Structures are given as C-alpha cells and as structure tokens.
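A short write-up of the structure that comes next.
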Amino acid sequence: MLKKLFKRLRGSSSKRNKLSARLIPESEHGINPRDISSGSIRVIDQLQKAGYQAFLVGGGVRDLMLGLHPKDFDVATSATPEQIKQVIRSARIIGRRFRLVHVPSGRETVEVATFRAHHNVDDDQDQHAAQTDASGIITRDNLWGSIEQDAERRDFTVNALYYDPTTRLVHDFCSGAEDLKAHRLRLIGIPEHRYREDPVRILRAIRFSAKLDFCLDDATTVPLRTVAPMLAQISPHRLSDEVHKLLGCGHAQRVMQLLQEYDLLGLLFPHVHFNDAAWSLIMATAQNTDQRIAQGKSINPAFFLAALLWRSVVDRQHQLQDHGVALIPSWQQAGQHVLQQQMHRTALTKYVVQTIREIWDLQPRLQHPDPRHIATLSVQPRFRAGFDFLVLREACEEDTGGMGAWWDRYQEADPGLQAEMIRDVVVPKPAAKNRRRPRKRKSPQSVSATRHD
Ligand code: ATP
Ligand code: MG
C-alpha cells in the first residue's frame with residue numbers, strides 16, 4: 001500500500017516538472033500563415049473551437065522558420081484520439097506503438113498527435129499506456145500529457161516548436177529557435193537515454209543534419225556510435241521506412257557520407273561490401289537521385305536499392321559461376337540471395353523486390369543482347385530503369401563493353417540506322433560457362449560475412 005502511494009507520488013512529481021515557453025512573435029519567426037496547408041489550418045481551427053489546444057508542430061514549423069517548403073504539416077493537440085474523432089468525423093485512428101489520427105483533407109492527409117508524457121516505469125497506470133522492452137526501447141508510447149511534457153518527448157529542439165495560427169505565436173520550450181539560428185541539431189534531454197529509447201533517432205539525426213545542413217551538437221554526437229548497434233533491434237518495417245526517407249530526402253549524397261562517417265552503413269546493409277567499386281556506383285546514384293528531386297522529378301527507391309546492393313550481386317554471381325552455375329541462373333540466384341539477406345534488416349515490399357530484380361535481370365541482357373531481341377527489349381516497361389542503371393555503371397568505369405553508350409545511340413537512331421546497328425552489333429562475349437577464375441574463392445554458403453574496407 002505504502003509502496004504504491006510512494007510510486008504514485010514519484011510519478012506525479014515527475015509529471016509536475018513543467019517547462020516554460022518563450023513566445024516568439026511573427027516579426028521574429030517570420031512564418032506566413034498562407035504558407036501552411038489549408039487542411040492543417042482547418043484541423044487546428046476545429047480542435048481549438050471545440051475547446052482543445054492545437055498547434056502546428058515539427059518539420060512544418062521548423063522548415064517554415066528556415067524559409068524552406070515543408071514536406072508535411074503535423075498537428076499536436078490536447079485532445080485524445082477519441083476526442084479528435086468526436087470533433088472531426090472523417091478522422092481515422094491509426095498505429096499501436098504510437099497512436100495517431102489521420103484526417104483526410106482533399107489530397108492531403110493531416111497527421112494529428114495527442115500530447116505525450118514521459119512515463120514512469122514503476123507506475124501501473126503508465127505501464128498500460130506506455131512500455132519499454134528489456135533494453136530500454138519504447139515499444140508503446142501512448143501516455144497523454146500536457147504541451148510542456150509533449151515538448152520534452154520530441155526528438156530535437158528544432159522539432160519542438162509549436163505554432164498557433166490563431167495567435168500567430170511560436171511557443172518554444174527547448175530553445176529550438178536558438179538552435180535553428182545556429183544551424184545546430186540538439187537532442188532534447190540526455191542524448192544517450194533518448195537514443196536508447198528509440199534508436200531510430202540516430203537515423204533521424206543523420207537525415208536532418210544532411211537535409212538542413214545542420215551540425216550535430218557534441219552531446220548529440222558522442223553516444224551515437226555506442227547506441228548504434230541497437231538499430232539491429234528495430235523492426236525491418238520501421239527501418240525500411242527510415243531508409244526510404246534517408247535516400248529520398250533530396251540530400252542522399254550527404255546522407256551516405258554521414259552514414260559512412262558514423263559507421264552506420266554496416267548496420268543498415270550488413271551484407272554489402274562497401275569497397276571502392278560499390279561506393280562509386282552508390283554515390284553516382286545518390287547524385288542522380290538528388291538531382292531528380294531538385295528538378296521536381298519522381299524517384300524510385302527501388303533504383304537506389306538496386307545500386308546499393310549491386311556489387312554484392314556481382315560478387316555472389318561470380319562465386320556461383322565459379323561453382324558451375326550457368327550464366328543466367330547464376331545472376332538470378334545471386335539476386336535472390338542478396339535480396340533475401342537484406343530483407344532481414346530492412347523490409348522490401350513485393351513491388352520493390354520485383355523492380356530491383358527487373359533492373360538487375362536486364363543488366364546481362366542489355367550487355368550481351370541477342371540481336372533478335374533488341375527491338376523488343378527496348379520497349380519493355382522496365383527498359384528505361386535498366387538502361388539508366390547500365391549507364392551509371394558505365395560512368396563508374398564498370399566493364400560493360402560500352403553497351404550503355406550503344407543503347408544510348410540506338411534510342412536516338414532512326415529505324416533504318418537502328419536496323420543497321422542491330423546487324424553490326426558487336427556484343428562483348430559473356431564470360432564462358434563454368435569458367436574458372438584464377439583466384440581461389442570461398443564456397444557460396446560462406447559469402448554473407450560482413451566486410452568493410
Ligand atoms: P519531415 O516531415 O520533414 O521528415 P518532421 O520533423 O516533421 O520532418 P516527422 O516524422 O513528420 O518529422 O515527425 C513530426 C514530429 O514528431 C517531429 O518533428 C518530432 O517532433 C516528432 N517525432 C517524430 N519521430 C520522433 C521520434 N522518433 N522521437 C521523438 N519525436 C519524434
Ligand atoms: Mg513532418
């Protein structure tokens with residue numbers, strides 16, 4: 001009985017520990033409400049009219065204060081998910097680990113999160129709403145709290161700025177505005193503890209640092225490498241989401257450099273051998289992807305993953321061929337093997353797997369085309385991606401027999417010239433079947449060890 005009372009008191013005293021906000025006026029934060037999506041403004045307005053607190057928070061506020069175009073607009077509110085549903089009929093509650101509400105608004109979906117509180121592991125009530133596993137990773141985070149508590153639960157100070165479109169004030173609880181000015185990324189609270197609670201914050205730190213060109217403050221950097229192995233405990237689905245965000249944030253070149261600098265590549269792609277050849281293709285693909293995003297073009301995450309894993313496929317294919325597997329099956333088996341290994345770490349949807357395989361399967365076919373099939377090859381749906389991939393490999397000085405340039409000329413040529421090109425095509429011979437390589441290799445079963453140059 002006494003023990004329970006003591007626990008309650010401890011719990012409530014930690015919840016009383018309040019931060020106070022600095023209120024930043026429009027003249028200082030410079031946010032123009034017209035730059036905010038109409039959907040999120042409407043949701044905030046509806047919630048406020050129903051008597052709840054509601055703010056724009058996260059990347060929307062951060063990016064607007066930096067003069068950037070936010071990717072999305074997140075809303076935080078004092079209303080619980082059920083209360084949000086009562087106010088907004090079309091709202092849908094989603095998620096279990098982290099319950100959220102999605103409000104459809106035209107083409108936009110506004111994500112609405114209820115204010116969270118730190119939970120007390122000894123408190124029975126708290127345990128129901130929020131849980132951590134044996135290693136300290138938060139497995140459920142649904143304990144509702146006040147705005148002050150919510151600010152402390154967010155990851156970086158620059159992500160804990162709350163904008164009220166009604167008063168046009170920004171509420172800053174963690175000196176986020178100061179860090180924004182200094183282009184500094186700083187974790188709220190004790191960094192090691194915050195990374196341990198959710199190791200994905202490590203990848204978020206990399207992404208925001210690359211995207212915003214912010215430096216990580218020292219305290220945020222120091223525990224990063226120590227905690228990084230905990231990423232292996234994150235579900236492949238969540239890691240996959242984060243990897244897609246990393247590759248598609250528009251600054252993939254910097255992302256890759258940072259992942260390498262902080263020894264994170266081996267944790268995300270444990271079976272990839274990041275040697276010079278692999279790295280050169282990865283960076284060329286990153287540059288290409290960043291350029292496409294800057295030009296407002298769409299990107300296919302499968303293409304990037306195909307490049308990331310390519311050298312592993314090549315290595316495996318050589319080994320299989322050395323062990324007597326024929327050319328085409330050796331490519332297919334190598335691709336299958338590499339994808340299966342990767343899926344233990346980052347989930348790959350059926351569509352992504354299929355696209356990657358089509359790009360890979362096209363490589364030997366484009367390099368050593370059967371003249372009878374050239375015309376049909378060039379009109380098949382994945383041709384463009386396969387061709388772009390071949391060109392990138394060629395630009396990275398892989399031996400493609402110059403077929404990237406050949407296909408480039410072929411596409412530009414008129415039908416007469418195309419027929420002539422097909423007649424004259426001198427295709428480099430594929431490696432002979434059962435060819436023995438001079439170097440002694442390990443058996444195909446032992447090729448999955450993680451190696452780093
Ligand atoms: P962007 O949308 O540009 O990728 P963002 O900062 O808005 O960046 P979201 O993933 O949309 O990122 O999350 C919205 C906000 O929710 C974040 O700004 C942050 O305050 C909070 N948040 C998201 N993920 C975490 C996390 N793992 N730990 C703590 N807070 C988080
Ligand atoms: Mg966001």
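Here the structure is a predicted model, which is why all the values come from computation and not from measurement. Ligands are counted one by one from 1 in listed order, and the atoms in each one are counted from 1 as well. The basis for the numbers below is simple: all heavy atoms, side chains too, and nothing from hydrogens, waters or symmetry mates.
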Worksheet item: Which ligand 1 atoms are under 4.0 Å away from a heavy-atom of G59?
Response: 5 (P), 6 (O), 7 (O), 18 (O)
Discussion item. Whether the side chain of R382 engages the backbone of I356 through a donor-acceptor N/O pair (distance < 3.5 Å, no angle test) should be reported.
Written reply: no
Response to the item:
Residue, atom and distance of the protein heavy atom nearest atom 2 (O) of ligand 1 read D72 OD1, 3.1 Å
Worksheet item: How does D198 reach ligand 1, if at all, at less than 4.0 Å between non-hydrogen atoms: by side chain, backbone, both, or neither?
Response: side chain
Item to complete: Keeping the roles fixed (side chain from D179, backbone from R186), state whether a donor-acceptor pair exists under 3.5 Å.
Response: no
Fill in: Contact atoms of ligand 1, heavy-atom distance to G58 under 4.0 Å
18 (O)
Response to the item:
the protein heavy atom lying closest to atom 4 (O) of ligand 1 turns out to be R207 NH1, 2.7 Å
Item to complete: Identify, for atom 6 (O) of ligand 1, the protein heavy atom at the shortest distance, and state residue, atom and that distance.
Response: R62 NH1, 2.9 Å
Fill in: ligand 1 to K245 polar contact by distance, N or O atoms, under 3.5 Å
no
Item to complete: Just need the protein heavy atom nearest to atom 29 (C) of ligand 1, so name the residue and atom and give the distance.
Response: D155 N, 3.3 Å
Discussion item. From the N, O or S atoms in D74, identify the one nearest to the Mg ion (ligand 2).
Written reply: OD2
Worksheet item: Can the ring centres of F208 and F214 be said to be less than 6.0 Å apart?
Response: no
Worksheet item: Any idea which part of K71 is under 4.0 Å from ligand 1, heavy-atom wise: side chain, backbone, both or neither?
Response: side chain
Discussion item. Taking backbone and side chain together, does E111 place any N/O/S atom at a distance below 2.8 Å from the Mg ion (ligand 2)?
Written reply: no
Worksheet item: Does any N/O atom on R194 come nearer than 3.5 Å to any N/O atom on ligand 1?
Response: no
Item to complete: If the plane angle is over 60° it's perpendicular, under 30° parallel, otherwise tilted; pick one for F274 and W279.
Response: perpendicular
Practice prompt. Note the single closest protein heavy atom to atom 28 (N) of ligand 1, along with its residue, its atom name and the distance in Å.
Written response: R201 NE, 2.8 Å
Item to complete: May I ask you to identify, for D74, whether its side chain, its backbone, both or neither come under 4.0 Å of ligand 1 on a heavy-atom basis?
Response: side chain
Fill in: Backbone N/O of A21 and side chain of D172: donor-acceptor pair under 3.5 Å
no
Fill in: Heavy-atom donor-acceptor pair, R201 side chain to R194 backbone, under 3.5 Å
yes
Worksheet item: Between the main-chain N or O of A54 and the side-chain N or O of Q48, is there a donor-acceptor pair closer than 3.5 Å?
Response: yes
Worksheet item: Do T114 and P81 have side chains that get closer than 4.5 Å, going by heavy atoms?
Response: yes
Fill in: Numbering as shown, the atoms of ligand 1 that approach K211 to under 4.0 Å (heavy-atom distance)
3 (O)
Fill in: Distance-only polar pair, side chains of E398 and W310, donor-acceptor under 3.5 Å
yes
Discussion item. With a 6.0 Å cut-off on the ring centroids, do Y163 and H29 count as close?
Written reply: yes
Worksheet item: Any side-chain heavy atom of W360 sitting closer than 4.5 Å to one from L309?
Response: yes
Worksheet item: Of all the heavy atoms in E197, does at least one lie under 4.0 Å from an atom in ligand 1?
Response: no
Worksheet item: Should the proximity of V200 to ligand 1, defined as any heavy atom under 4.0 Å, be assigned to the side chain, the backbone, both, or neither?
Response: neither
Item to complete: Count the heavy atoms belonging to other residues, nucleotides or ligands that lie under 6.0 Å from CG of D45, then report whether that count exceeds 12.
Response: yes
Practice prompt. Quick one: report the N, O or S atom of D72 that is nearest to the Mg ion (ligand 2).
Written response: OD1
Item to complete: Would you check if D217 and L185 make a side-chain contact, meaning some heavy-atom pair closer than 4.5 Å?
Response: no
Worksheet item: Where on E111 is there a heavy atom closer than 4.0 Å to ligand 1, on the side chain, on the backbone, on both, or on neither?
Response: neither
Worksheet item: What do you reckon, does R204 put a non-hydrogen atom under 4.0 Å from ligand 1?
Response: yes
Discussion item. Please classify the F156 to ligand 1 contact at 4.0 Å (heavy-atom distances, strictly less than): side chain, backbone, both or neither.
Written reply: neither
Item to complete: Write out the residue and atom name of the closest protein heavy atom to atom 16 (O) of ligand 1, then the distance separating them to 0.1 Å.
Response: R154 NH1, 3.1 Å
